[in-house]
Every structure is written in structure tokens, then in C-alpha cells.
Asks: 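Handing you a structure now.
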Amino acid sequence: MPMIASVIVNNTAKVLDKEFEYYVPENMKKIIKRGQRVVVPFGKGNNFIEGIIIDIKDVINKDMELKEIIDIIDDVPLFNDSMINLAMFLKQKYNCTLIEAFKTIMPSGINSKEKLIIKFLSDKNYVKNKKIVEAIKKYNTIDYNKLCNVLNFKIPKSTLYDLKNDGIIAIDRIMDCRVKVKKVEVYSIADIKKCDEFIKNSSQKLKKQIETLKIIMSSETPLTLKEISLKSDCSSSVVKSLEKKGLIAKYEKEIYRNPVKNNYTFGKFELTKDQKNTIDNIIESYKKGKRVSLIYGVTGCGKTEIYLNAVENFIKMGYDAIVLVPEISLTPQTVERFKGRFGDVVAVLHSRLSDGERYDEWRRIKSGEVKVVVGARSAIFAPLNNIKLIIIDEEHEYSYKSEMTPKYHTREVAEYIVNENNGLLILGSATPSMESYYKAVNGEYNLIQILKRVDNMKLPDISVIDMREELKNGNKSMFSRELYTSISDNLKKGEQTILFLNRRGYSTFVSCRSCGYILKCKNCDVPLTYHVSSGKLSCHYCGFEYNVPKLCPKCQSKYIKYFGAGTEKVEEEIKKNFKDAKILRMDVDTTRIKGAHEKIYNEFKNNNADILIGTQMISKGMDFKNVTLVGIIAADTNLNVPDFRAAERTFQLVSQVSGRAGRGEKAGKVILQTYEPEHYSIVFSSNHDYIGFYNKEIEIRRALNYPPFSDILNVLLMSEDENELIEFTKKIKNEVNNIIRGRNVEVLGPAPCHIYKIKKSYRWHIILKGKVYDVLNDLNYILNYNTINTSINYSLDINSYNMI
DNA sequence: AGCACGCCGACT
DNA sequence: GTCGGCGTGCTC
């Protein structure tokens, strides 16, 4: 009976987002399984393409002619049933293609692509396609893509096959991928009898060989050449002769690349009463069937110890756990705590791993060796076999929302997984997201509050400085008088200071004093930032760098000035005012090279500097005992962007940064500079009043029907052709109006985005508010249909964190 | 997305 | 008569 497999092909085009059926050849029938990746011929040219099997069935007759599967890639299926279901969930919830969903849950770099290897045979008296034949002859063997590059034009496949049919060339097709299983050559005993004889009968002349052989014999595991020569202090020639004599044999062994080099140990702490109560509370509510617990705990309340304890409880019962932290706090310190406590059953996944390292951690997890995965956003897809516990630390963090298709939110995916597995999700934050706290207040989540710090330390006092008053009093500098004197007092006392400003570079914009012209990026609608380190103007959106013009491009005046302040400017001002102070700066620019982040962190931690200046990067996860002063240079930089989360974001940022002060024995102090001291974000955050902020903000959200009371769908429309884009938005607006008729959805726009152009592409958006999931499919259909044969690209993002 | 087919105009 | 331009439609 013919066997048919349904395959999802590795091509992200929306029209190919369906199952394609292939015959399973006789010799594969026994080994083919759902979830395996296969190679199939596809399209008119029968190009080889990778696919994923999602269904296998026996069929008696089939009216359509089917092609056959070429090859099976994975012996063991890469995806099990629950992973396939997860992919389907992502597709349905975030409106992506199934293959995009699969690619999201598998490690990057293991997809293979067809490679055509062309081999020259003979050119006889061939006259056609002379240039191509000559090039192939020159290289003898060359791959197709390289050949096209060399000749600087795309050779039609038909020409290639003509050449093959005429006997000029041979074509070999292979499937090639970037990441391969890493192998090492190891030696082990080939014939134990022979070895014994050799040792007994050989003369002293072969002393070194005997000694080396004994070492290999006594080793429990096969040894690499390096290990052997190290242990017996011999050269490779000794090993080679043993191999030649047939006493030992060489073979290849698969190994895992290990991203964590150090061995850590990390002890257990006695839990405080609060911590113990929290654990009991969570377990109890879990037993009652609550899938999600939210820990609202002030900074320094010892959440990590609670997490460690919960993980320990679950792995003792034989379950697996995932612990997620924001990318930025996935420092060696965090890894250390988990690896030190649980040892080798911990795997680490984060963006700084190479594709190879990630693939190996992934395989290690899948094999069942790993019980606990610690990682950033994408670690939610770790292929553990028995996930029962997921912890999301700092659950309010924006990095949990993916910016790439599928634009998933980690919290939502985690909820899906615990619901599927009857598991438990623990969310933790000192400033929970509006969404989560709302659900907790309404009883959907179990809520636990911890309002005391472990050491009973008080939260730092925050004094709010109105910068308008400073200006009135003749202080034009970026430091208020109070901040200035506090810094200088701290320097005298030998205590450390953190200065926070959420902007990198020197100036925030460059403008002509004579005509007011502001220098902007030619590709993006963004003012350029001056960087002292490079001496250039840089666009923070496309990365393009410009030389500083001597004259104004518009009016030719020479009065070009830098306005606004970034971290580089703060550094310069501090250097000017406090000549003896040792200063460190931490932002994207100073941490580009690998390990720089760590280095700055350690320098400051070891008290080798007085002042640390930084952006977002220093706002979380960092624990410095000697920091007693935190200066927030401008608290309101994010307050007035057109985004419904602006207030929430500002509150969270101020709370996070303030938390850096007074983590040791000495009390901390925070000086918050702002132009809007009366704004409720500033008022509540300076009083450490999360509940107060929540109550105010939730009423605003309710009144304006923003999340959590609605869902917001941002329809971003982009094109390099501005006129076509504007015409398109008008047209699509009517279509959208048709779709939402009679549904509980409101439409705003179309309007140009706050940042009108990025990387040469103009941007408009339409915002839908309300029950957007109801219209998602229809909307996707009309956008897809109407953008065919246009220059318009579109993207749909639900409850986006990036509305500008 | 990629590729082949096909219909039309320009040119040896 | 044929080469190559791009609009159209299909991929198991």
C-alpha cells in the first residue's frame, strides 16, 4: 500500500504555508516518523528543499501524481508531538506561517539548503555558453552559487542541465548546513589479546609504546590524541605506530560544545519566613489548580532563592523546569547560582552562544540529560521532555516580547505550555506589568506580595528635583545643585555613585544655530547623535555613520552645535567637575567587544572606580554593595513618546534604577531629575508606591480602552515608495472598515508613524483596538491579497511594545 | 520566494 | 525568424 507523508516545506512564503504530500519510498517506510525533517524535490525545477513531516498515512489510491521523498535528515525526529502542537499554537496565535513557527522553536543554523556542485568533464568541441564552460573548466569543481558570483550573473538552471545532458559537466546536489555535529578523533583499544601479547613480548626498545598503550588500556573512555600525549608525555608518532600495528583504533566521537567553562558551586541558604511562606503559598494554590502565581516582591526580597527552591522541589519529583531572565541579566552571576546549585543538569541558552553551542545545548536538553534550562526569551522553547515548572523573572521586561515574526510574548507561550502540561508558571517582579497585576487582582493569577527586603533594609529615599527650578535659579548645567553636592560628598566618603541616563552618545541632536536645521539620517527620519569616541555622527536606527559637516548643509553657516545630552556628555561633564574621580561608562558603545560588560562590572564591583555612568544596561540585575547614591539625570526621556505604555515604562525604569542604591549595609539615596515632577509616574515611583501607580494607571487604561481591557493590533505598512504607500493606506482603510463592521473593534488611522522613515522605508500604521483576534484572519487575508505586486510590506503586531 | 512559461516588441 | 523583457501562475 502506498505510504504518503504530509510535509511543511522550508520556505516562508505565505502561499506555501500548507501541507505538501509526497510518496514515501519503500526503503524509508519503516524508519519514517512524524516530526522528522526530510529532503524533498520542490517546484518545477525539482530543487531540493528541506521539509518537516507532520503527518503520515496509508492511502490506497491518489488521483494526483506525487513526488517521492529524497532523504531523511533526522534519525530521531527533531520535533515531538507537543512541539508540533506548540508550532501550531504559534501560527494560530501570532499569525505566522507554520514553517516560521517551527524555525522559532528549533535552534538556528541547522536548516540545510541545496548546494549544486558542478564538476567539469570535457568540453569536446563545444561552442555554446563559452564563458560558463571556460569558468567551470578553470575551477574544475565549483559550487553553483560561487560560479554565478564569479561570472556576475545568474546562470539559468535550464542552461546548467543542458550542459549536463551534453556531457560537459556533472552536477552533484548536496544539502548543506552551517552547523554541524562536532566530532573529535579518539583512540581506543582495537584488540585486547594482541595488546597483551605486545606488552609481554616487546623489547625495551619499544618502552614508550608499551607505556602509552597501558595508559590507553587503563582509560575507561576513549582518549583524544592530545589527552594521550599529555598523559604519557609522548609525541603523536608513538600513537600512530600503535595504530599501524592494529593495537589501537581511531574513530570519530560526537561531542557537545560547552558554553560554560567554569565549575561553580553555590550553596543553599536558609529560607527566610517570607520566602518559605511564598513557596508554601505557591505550591498550595498550584495543588488547587491555579496555573499561574505572580510574586510581587520589592527589590532585594530574595526572589532568586525562592526560584531555586521551587526548581529544587520540582526536579526532586522528576520534573523539568525552565527559568527565564531578561537577556541583560543573564550574566555569569545568574548562571553561577543555578549551575552551582544543580550542576550539570543545567543548560544555558542565550543570544551570545554560537550556533554550534546552542545546537549542542539543545541536543543535550532533548536527550534528557538536562533538567533545568536557564535562559533568555527563546529558552521558553527548550525541548525538555517533562516541563512542569516555568519561572519568568522580571516578568514586566519588554525583552520578553519578540520583535521578529512570530511576535510572541514569552508569558503567553509559557501559559500555553503550563496549561498543556498541567504545570506551574511563576512570574516575579518588583514592578509587575499592568496586564499581570490586573489578572492577579481579579483572581485569575495567584498573587503573593513580599513587601520586606531580606535584610529588612529600607528602600532608598528618592528626592525629586524640578529641573525648571534649577534653570530659574541660573543653573544651566545638567546636574542639579543637590546632585552635584551629593556626588562630591560621596567621593569624599569613598562611596560609589551610579549615574543613569537612557541615551547613549554625546548629543541627542545636532543643529544649526543660524537656521535651525537639524541633521538627520538620509535613510531614517531620525536626528543624528554625535559620538566623541568615533568623532562621527551616528544614526541609532540604521547604524550609518557620517562625518561632522563643517558648514550647515542648508544655510552654509558655521554655527553647528550639539544639543541634548547622552552618556558621553555626562562622562565629560563629570571629568570636568570632579578631576580626581575614577569613572566607568557602560552602554552599547563601551560593551561592543566580548567580555567588556563583565570587565566593567567587575572593575566597579571591586571598587576600582567611583562613578559608573550608564544606560538601561545598568538598571537591572547589578548588585553593588558600596553604591549609596544613584543619580537619574533625566527621568522623563520616555514619558512623552506616543505610546500607551510610556507612563508604565517610566515608572518601571525609575523603580529599577533606584533599586541599585543602598544594597549593602549603608543606606542609599536617589536623586531624580525631571521637568515634570508632578507627573504621576514620577510621583508614585519616588514614593516606592507600586500599588498607587497601578490604581491610577489602570483607571486610565480602562477609560481609554487600552490593554489589559483590550488588545491592540498595530498594522505597520512600509514601502520605499512614499506615494504608493500613502495611496495604499487610503485604500486599505476602506477594506479594514468593511472587516470590522458589526464587531467590537475600533480603528485609528491610518497615520504616519512617529518615526516616519527607517532604513529608507516609509512607515504608516493603522491601529485596531478591541477584540482584534476576531478580525486577524480576515485582516491578514486582505493585506496579503492587496500587497501582491506592490512595493508594500506589512507587519502585524498584537500588544506591541514598539508603537512608534 | 523562486522558477518556468508565454506573450509582445526589437533586432540580426 | 529569435532574443530577451517582465507579467502570470504554480509549487504535492
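Naming convention: chains lettered A, B, ... in sequence-line order (proteins, then strands); numbering from 1 in each chain.
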Asks: Looking across every strand, which nucleic acid part, if any, lies under 4.0 Å from A:Lys44 by heavy atom: base, sugar-phosphate, or nothing?
Replies: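 Contact class for A:Lys44: base.
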
Asks: Please classify the nucleic acid contact of A:Phe42 as base, sugar-phosphate, or nothing, using heavy-atom distances under 4.0 Å.
Replies: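 Counting heavy atoms under 4.0 Å across all strands, the contact made by A:Phe42 includes a base.
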
Asks: Does A:Asp525 pair with A:Lys757 as a salt bridge, N-O distance under 4.0 Å?
Replies: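 No, A:Asp525 and A:Lys757 are not salt-bridged.
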
Asks: Rounded to the nearest angstrom, tell me the gap between atom CD1 in A:Ile49 and atom C1' in B:dG2.
Replies: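 Going from CD1 in A:Ile49 over to C1' in B:dG2 covers 9 Å.
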
Asks: May I have the distance from A:Asn47 (atom CG) to B:dA1 (atom C1'), rounded to whole angstrom?
Replies: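 Spelled out: CG on A:Asn47 to C1' on B:dA1 is 12 Å.
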
Asks: Output the rounded distance in Å from OH (A:Tyr144) to C1' (B:dG2).
Replies: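 Taking atom C1' of B:dG2 as the reference, OH of A:Tyr144 is at 11 Å.
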
Asks: Rounded to the nearest 0.5 Å, how far apart are CD1 of A:Ile380 and OH of A:Tyr408?
Replies: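 Atom-to-atom, A:Ile380:CD1 and A:Tyr408:OH are 8.5 Å apart.
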
Asks: Between B:dG2 atom P and A:Asn46 atom CG, what is the distance in whole Å?
Replies: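 Whole-Å distance recorded here is 17 Å.
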
Asks: Find the distance A:Ile52:CD1 to C:dC12:C1' and express it as a whole number of Å.
Replies: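 So the two atoms are 16 Å apart, to the nearest Å.
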
Asks: Rounded to the nearest angstrom, tell me the gap between atom CG in A:Asp17 and atom P in C:dC10.
Replies: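 Roughly 18 Å, once rounded to whole Å.
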
Asks: Taking atom P of B:dA1 as reference, at what distance in whole Å does atom NZ of A:Lys18 sit?
Replies: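 To the nearest whole Å, that distance equals 15 Å.
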
Asks: Enter the distance from A:Asn145:CG to A:Lys115:NZ here, rounded to the nearest 0.5 Å.
Replies: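 One gets 8.5 Å once the value is rounded to the nearest 0.5 Å.
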
Asks: How is A:Val15 classified with respect to the nucleic acid when contacts are heavy atoms under 4.0 Å: base, sugar-phosphate, or nothing?
Replies: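 The answer is base, as A:Val15 lies within the cut-off (heavy atoms under 4.0 Å) of a base atom.
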
Asks: Between A:Lys14 (NZ) and C:dT11 (C1'), how many Å, whole number?
Replies: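 Rounding to the nearest Å, NZ of A:Lys14 and C1' of C:dT11 are 18 Å apart.
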
Asks: Going by atom types alone, do A:Gln36 and A:Asp74 pair a side-chain donor with an acceptor below 3.5 Å?
Replies: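 Their side chains do not contain a donor-acceptor pair, so the 3.5 Å distance test is not met.
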
